[in-house]
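Notes follow the structure.
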Amino acid sequence: MPLLDAKCPNCGQVLQVDNSKEAAICEYCGSAFIVEKAIHNYNITNGYHIGEGATVNIHSTDSLEKLLQNGETSLRIKNYSLALETYTKCTKSYPEAYQGWWGFIRAHTHDFTALTGVDTNRINSCYSYITKLCTDRNELAKMEDAYKGYLYILAQHDTTAVRCSLGETVDKTRANIADFANAISTAENRLKKLKKEKIKQITHLIVALCLLALIGTYAMYEIFNDSGGIISLGAILLGIFGGIVDIKYQNQKGRLSLSQLKSEIAKEKQTVSSGNNHQAVEKANLQQLLQLQQLSDDTFSRFLYIEYCNKYQLDPGFTIPEFNQIKQLLDRYSVRYQRR
C-alpha cells in the first residue's frame, strides 16, 4: 500500500503512514495515533480526499478505559471541572458505555455533594440513558440507590426554600386581609357620613314643607275671609322663592341630591359586603397556610423527595398520607416547590 503524508498530533512532525493499518507509533515522539480507518470512523479528517501524497491531520483518541480512569482520578482529587470535561468526552466518543453517563452525573453533582447549581433535568436524562444501557442488574441497583439518595439530600436542602416561599405567601395573605379591613373601614365610615347627610336633607325638606304648608294654610284662611288677600299671596310667593333659593344654596355647597345619596349608599354597602366576603376567604386561606407551616421539616423533605422521584419516573420506595393534600395546597397558593 502507498505511504501517505501525515502530521503527528503530539509533536507535529510530518510522517509517512500506511493507510491500511489502524494505528501507528510516531517515530519522533513515540506517541500512538490512529490512522486511516480510525480517521474515517471518528470523522477527524479535514474533509480532504485521502490519496497519494495527501497530508492528513492525525488526532489520537483515548480508549474508554483511559477516559474512565482519568475521570475517576479527577473525582478523587475533587477536580470536578476536569472530571466533567473528561466524562463529556467519554459520552461523545463512547455513548454506548453507561459508565460515562454515570461519571457525568457524579462530576456535575460534585460526586453528589452539590446542593445548588445542579441541572436536575440534565442529570435525569443521563440516568435514563444508564437504565437503558446497563445490563448488570446489581450494578444498576447500586446506582439507583446512590441517585435516589442524592435526590433525598436535595429534598432536605430544598425544604428551607419551600418554607421561605410558604412564609412569603402567608405574609401576602395577611397583607390582603389587612387591605380588605382598611377598605371595609373606609367604606363604613363614608356610609355613616352619607346616611347622616341623607337624614339631614330629609329633615330639612320636611321642615321646609311644614313651613310652606303653614304659610299656605294661613294664606287660604285669609283669602276665604276676604281680608289680607294680597298679603297672603305675597307670603306664598315668598315661601316658594325661599325654597328655590335654598335648593340653589345646597347645590352650590356641592351636596349630593337625595337620589345621588341613595346611589352612593348602595355602592358603599356593596363595597362593605364584598370586602367582608373576600376577607373571610383570605382568613380561611390563612388558616390552611398556617397548618402547612406547622408540618415538620421531615414531612416536607419526604414530600419533596417523592415529588422528585415521581417527576423523574423513579420509585421513591415509600409514601406519606399527607402527600396529595400538601401538593394541592402548595399548587393552590402558588408556593414554589419544584426544583428548576
Side-chain angles (χ1 to χ4, degrees), residues 159-216 239-297 299-300 303-304 307 321-338:
T159 294
T160 302
V162 173
R163 284 201 175 279
C164 289
S165 180
L166 181 59
E168 292 173 359
T169 305
V170 169
D171 292 341
K172 182 179 179 180
T173 304
R174 282 176 171 157
N176 290 340
I177 293 174
D179 290 341
F180 283 126
N182 291 333
I184 292 170
S185 177
T186 301
E188 287 177 339
N189 290 335
R190 188 163 188 268
L191 188 58
K192 290 179 182 179
K193 292 180 181 180
L194 290 171
K195 287 181 177 180
K196 287 182 179 179
E197 181 63 22
K198 182 180 178 181
I199 293 173
K200 183 178 180 181
Q201 289 202 26
I202 291 175
T203 302
H204 181 82
L205 181 59
I206 292 173
V207 171
L209 290 175
C210 289
L211 290 175
L212 187 59
L214 288 173
I215 292 174
I240 294 173
F241 177 76
I244 295 173
V245 171
D246 181 68
I247 291 173
K248 290 185 176 181
Y249 173 73
Q250 295 295 338
N251 290 338
Q252 286 177 353
K253 292 187 67 176
R255 293 185 177 181
L256 300 174
S257 65
L258 285 175
S259 61
Q260 290 175 324
L261 283 172
K262 183 178 179 181
S263 176
E264 289 297 316
I265 288 173
K267 187 185 298 182
E268 294 302 329
K269 284 183 177 179
Q270 178 61 32
T271 301
V272 172
S273 176
S274 177
N276 283 327
N277 291 336
H278 283 91
Q279 189 180 51
V281 171
E282 288 297 309
K283 286 182 177 179
N285 292 343
L286 180 62
Q287 290 302 315
Q288 290 185 324
L289 289 169
L290 291 177
Q291 289 177 1
L292 273 178
Q293 278 192 323
Q294 292 174 359
L295 294 176
S296 67
D297 287 345
T299 299
F300 267 120
F303 164 78
L304 291 175
E307 178 66 18
E322 309 95 333
F323 179 81
N324 289 331
Q325 182 183 7
I326 295 174
K327 183 175 177 62
Q328 289 173 0
L329 290 176
L330 292 178
D331 288 337
R332 177 181 178 182
Y333 298 115
S334 300
V335 178
R336 298 185 302 274
Y337 66 93
Q338 291 286 0

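- Taking CD of Q325 as the reference point, atom CZ of F303 lies at 11.0 Å (rounded to 0.5 Å).
- Evaluation of the salt bridge (charged side-chain N to carboxylate O under 4.0 Å, His left out) rule for E168 yields R336 as partners, not counting sequence neighbours.
- The distance from the CG atom of L194 to the NZ atom of K196 is 11.5 Å, given to the nearest 0.5 Å.
- The shortest side-chain heavy-atom distance between L166 and Y333 does not fall under the 4.5 Å cut-off.
- Applying the salt bridge (charged side-chain N to carboxylate O under 4.0 Å, His left out) criterion to R190, with sequence neighbours excluded, gives E264, E268.
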For residues 289-297, run the donor-acceptor check on the side chains, cut-off 3.5 Å, and write out each pair with its distance to 0.1 Å, sequence neighbours left out.
residue, atom, partner, partner atom, Å
S296, OG, T299, N, 3.2
S296, OG, T299, OG1, 2.9
D297, OD1, R163, NE, 2.5
D297, OD1, R163, NH2, 3.2

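- Under the side-chain hydrogen bond (donor to acceptor under 3.5 Å, both in side chains) criterion, S274 pairs with H278, sequence neighbours left out.
- The CG atom of L286 sits 10.0 Å away from the CG atom of D171 when rounded to the nearest 0.5 Å.
- Of the inter-residue distances, the one linking Q279 atom CD with N276 atom CG reads 6.5 Å to the nearest 0.5 angstrom.
- Every side-chain contact (heavy atoms from CB on, under 4.5 Å) that K195 has, sequence neighbours left out, goes to L191, I265, K269.
- At most 12 non-hydrogen atoms from other residues, nucleotides or ligands lie less than 6.0 angstrom from NZ of K198.
- The main-chain N or O of S259 is never found under 3.5 Å from a side-chain atom of S263 such that the two would form a donor-acceptor pair.
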Can I get a per-line list of side-chain donor-acceptor pairs under 3.5 Å for residues 176-185, giving both atom names and the distance, sequence neighbours left out?
residue, atom, partner, partner atom, Å
N176, ND2, K172, O, 3.4
N182, ND2, A178, O, 3.3

